[in-house]
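Bear in mind the structure is a predicted one, so any value in this text is a computation, not a measurement.
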Amino acid sequence: MFKILLVDDDRDFSKAVIAYLGRSGYEMDYASTADEAYDKIYAQVYDLILSDIMMPGTDGFQFASHIRAINRNIPLLFISALDDISSKHKGFQLGIDDYMVKPIELDELLMRIKAILRRSGIAQSKRLVIGDTVLDREERSAYVSGVEISLTQREFDIVFKLLSYPKKIFSRQALMDEFWDSETTSSTRTVDVYVTKLRDKFSSSKDFEIQTVHGLGYKAVIL
């Protein structure tokens with residue numbers, strides 16, 4: 001199930017959107033301000049963010065700029081009463097994926113969400129760009145600040161998996177099940193060896209780190 005964060009100080013509007021998208025099969029979360037949204041984004045992973053522009057405190061433009069600085073891949077859709085071309089232009093310059101003007105048709109919002117998530121899934125399945133770190137699945141290549149990082153196939157698969165789901169914890173067994181043959185005689189501690197190698201190889205990257213979650217496994221954290 002896709003998880004969507006709605007950021008909007010209009011509670012009546014937000015309630016309607018959350019109810020409609022919830023009935024359409026999406027898991028919804030809500031923040032009334034950008035500052036509240038930051039706390040939620042740092043705590044969990046979202047597949048899409050819907051944001052107003054005119055909000056108390058940090059506005060939608062500042063919010064989008066901050067999000068794009070820490071995550072270039074997560075889709076962003078503005079829903080705003082601002083209907084002028086300069087606002088739309090500024091939003092797209094900041095890296096949003098779509099722009100809707102209030103009042104909106106919820107059916108149209110649903111169609112746009114489906115299209116964005118479809119495009120995002122195709123793009124993210126092939127290439128990850130996190131700051132100056134780039135991983136390309138088709139080429140099975142990795143670069144940090146333009147310098148190629150030499151990785152084995154399994155090393156690439158592990159780091160690509162972790163970075164595809166920032167902050168999600170993967171157990172050693174889960175990684176073994178996905179990237180090792182079922183006939184392997186290696187223990188789950190083999191994963192520790194690979195993670196140590198990846199940390200060393202990506203030591204020049206200031207974009208992410210692989211953290212140990214004691215008793216559980218590993219997770220990638222975007223810096």
Side-chain angles (χ1 to χ4, degrees), residues 1-68 70-84 87-88 90-92 94-128 161-171 174 178 219-222:
M1 178 183 291
F2 289 109
K3 189 162 189 174
I4 298 175
L5 175 63
L6 172 62
V7 189
D8 196 307
D9 62 321
D10 185 335
R11 294 186 180 275
D12 289 336
F13 170 79
S14 299
K15 187 176 180 179
V17 170
I18 289 169
Y20 179 82
L21 294 179
R23 291 194 301 269
S24 301
Y26 295 95
E27 184 179 350
M28 300 298 299
D29 208 349
Y30 173 68
S32 60
T33 66
D35 289 337
E36 185 182 339
Y38 293 144
D39 292 336
K40 292 179 178 292
I41 292 166
Y42 291 138
Q44 55 196 305
V45 178
Y46 293 99
D47 298 292
L48 171 68
I49 297 174
L50 308 176
S51 178
D52 191 10
I53 294 176
M54 296 183 292
M55 298 183 289
T58 302
D59 66 23
F61 295 126
Q62 295 169 309
F63 176 63
S65 178
H66 183 77
I67 294 301
R68 277 292 169 259
I70 61 175
N71 189 326
R72 296 185 184 181
N73 296 316
I74 187 169
L76 282 165
L77 191 161
F78 271 170
I79 304 175
S80 174
L82 296 176
D83 193 19
D84 58 290
S87 294
K88 296 176 183 178
K90 184 174 182 179
F92 283 109
L94 289 170
I96 68 168
D97 297 89
D98 206 347
Y99 192 116
M100 295 185 71
V101 177
K102 294 178 179 179
I104 65 169
E105 291 289 341
L106 293 175
D107 287 343
E108 182 182 357
L109 173 62
L110 180 60
M111 288 188 291
R112 294 199 187 201
I113 286 173
K114 288 180 177 179
I116 290 172
L117 290 173
R118 184 171 59 250
R119 294 195 302 268
S120 173
I122 292 171
Q124 292 188 40
S125 67
K126 295 179 180 179
R127 198 166 189 260
L128 290 176
K161 184 73 172 185
L162 292 172
L163 287 173
S164 294
Y165 300 90
K167 293 194 176 181
K168 180 176 179 178
I169 300 170
F170 290 90
S171 69
E178 183 163 356
K219 66 177 179 179
V221 175
I222 308 302

Distance from [X] atom [atom1] to [Y] atom [atom2], nearest 0.5 Å?
X     : Y      : atom1 : atom2 : result
Asp8  : Ile79  : CG    : CD1   : 7.5 Å
Glu36 : Asp29  : CD    : CG    : 8.5 Å
Ile41 : Ile67  : CD1   : CD1   : 3.5 Å
Ser65 : Ile96  : OG    : CD1   : 12.5 Å
Phe13 : Leu106 : CZ    : CG    : 7.0 Å
Phe78 : Phe92  : CZ    : CZ    : 9.5 Å

Between Lys161 and Phe170, is NZ or CZ placed under 6.0 angstrom from the six-membered ring centre and within 45° of the ring axis?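 No.
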
Looking at side-chain heavy atoms only, is the closest gap between [X] and [Y] below 4.5 Å?
X      : Y     : value
Met28  : Leu5  : no
Ile4   : Asp47 : no
Phe61  : Ser87 : yes
Leu109 : Tyr20 : no
Leu21  : Leu50 : yes
Leu48  : Tyr26 : no

Between Arg112 (side chain) and Tyr99 (backbone), is there a donor-acceptor pair under 3.5 Å?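 The answer is yes, because a donor-acceptor pair under 3.5 Å joins these two groups.
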
Look only at the side chain of Tyr165 and the backbone of Ala220, and say whether a donor-acceptor pair between them is shorter than 3.5 Å.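 No, Tyr165 side chain to Ala220 backbone: no donor-acceptor pair under 3.5 Å.
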
For Val101 and Lys88, what are the C-alpha separation, side-chain angles and deciding distance, and is it a side-chain contact (heavy atoms from CB on, under 4.5 Å)? CA-CA 10 Å; Val101 177; Lys88 296 176 183 178; 3.9 Å; yes

Atom of [X], atom of [Y] and distance for their closest heavy-atom approach:
X     : Y     : result
Met55 : Ser32 : SD-O, 4.5 Å
Pro75 : Asp97 : CA-OD1, 3.2 Å
Gly60 : Ser51 : CA-OG, 4.3 Å
Tyr30 : Arg11 : CE2-NH1, 3.4 Å

Sort out for me which residue in Asp52, Asp83, Asp12 forms a salt bridge (Lys or Arg N to Asp or Glu O under 4.0 Å) with Lys102.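 Among Asp52, Asp83, Asp12, the one meeting salt bridge (Lys or Arg N to Asp or Glu O under 4.0 Å) with Lys102 is Asp52.
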
Modelled atom types, side-chain donor and acceptor of Thr58 and Gln62, under 3.5 Å: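 Looking only at side-chain atoms, Gln62 and Thr58 do not form any donor-acceptor pair under 3.5 Å.
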
Would you call Lys114 and Asp98 a salt bridge, taking side-chain N to carboxylate O under 4.0 Å as the test?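 Asp98 and Lys114: not salt-bridged.
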
Around atom CD of Glu108, are there more than 12 heavy atoms of other residues, nucleotides or ligands at under 6.0 Å?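 Above 12, so yes.
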
State which residue, out of Leu94, Ile49, Ile53, fulfils the side chain to side chain contact (heavy atoms under 4.5 Å, CB included) condition with Phe63.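 It is Ile49; the other options fail the test.
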
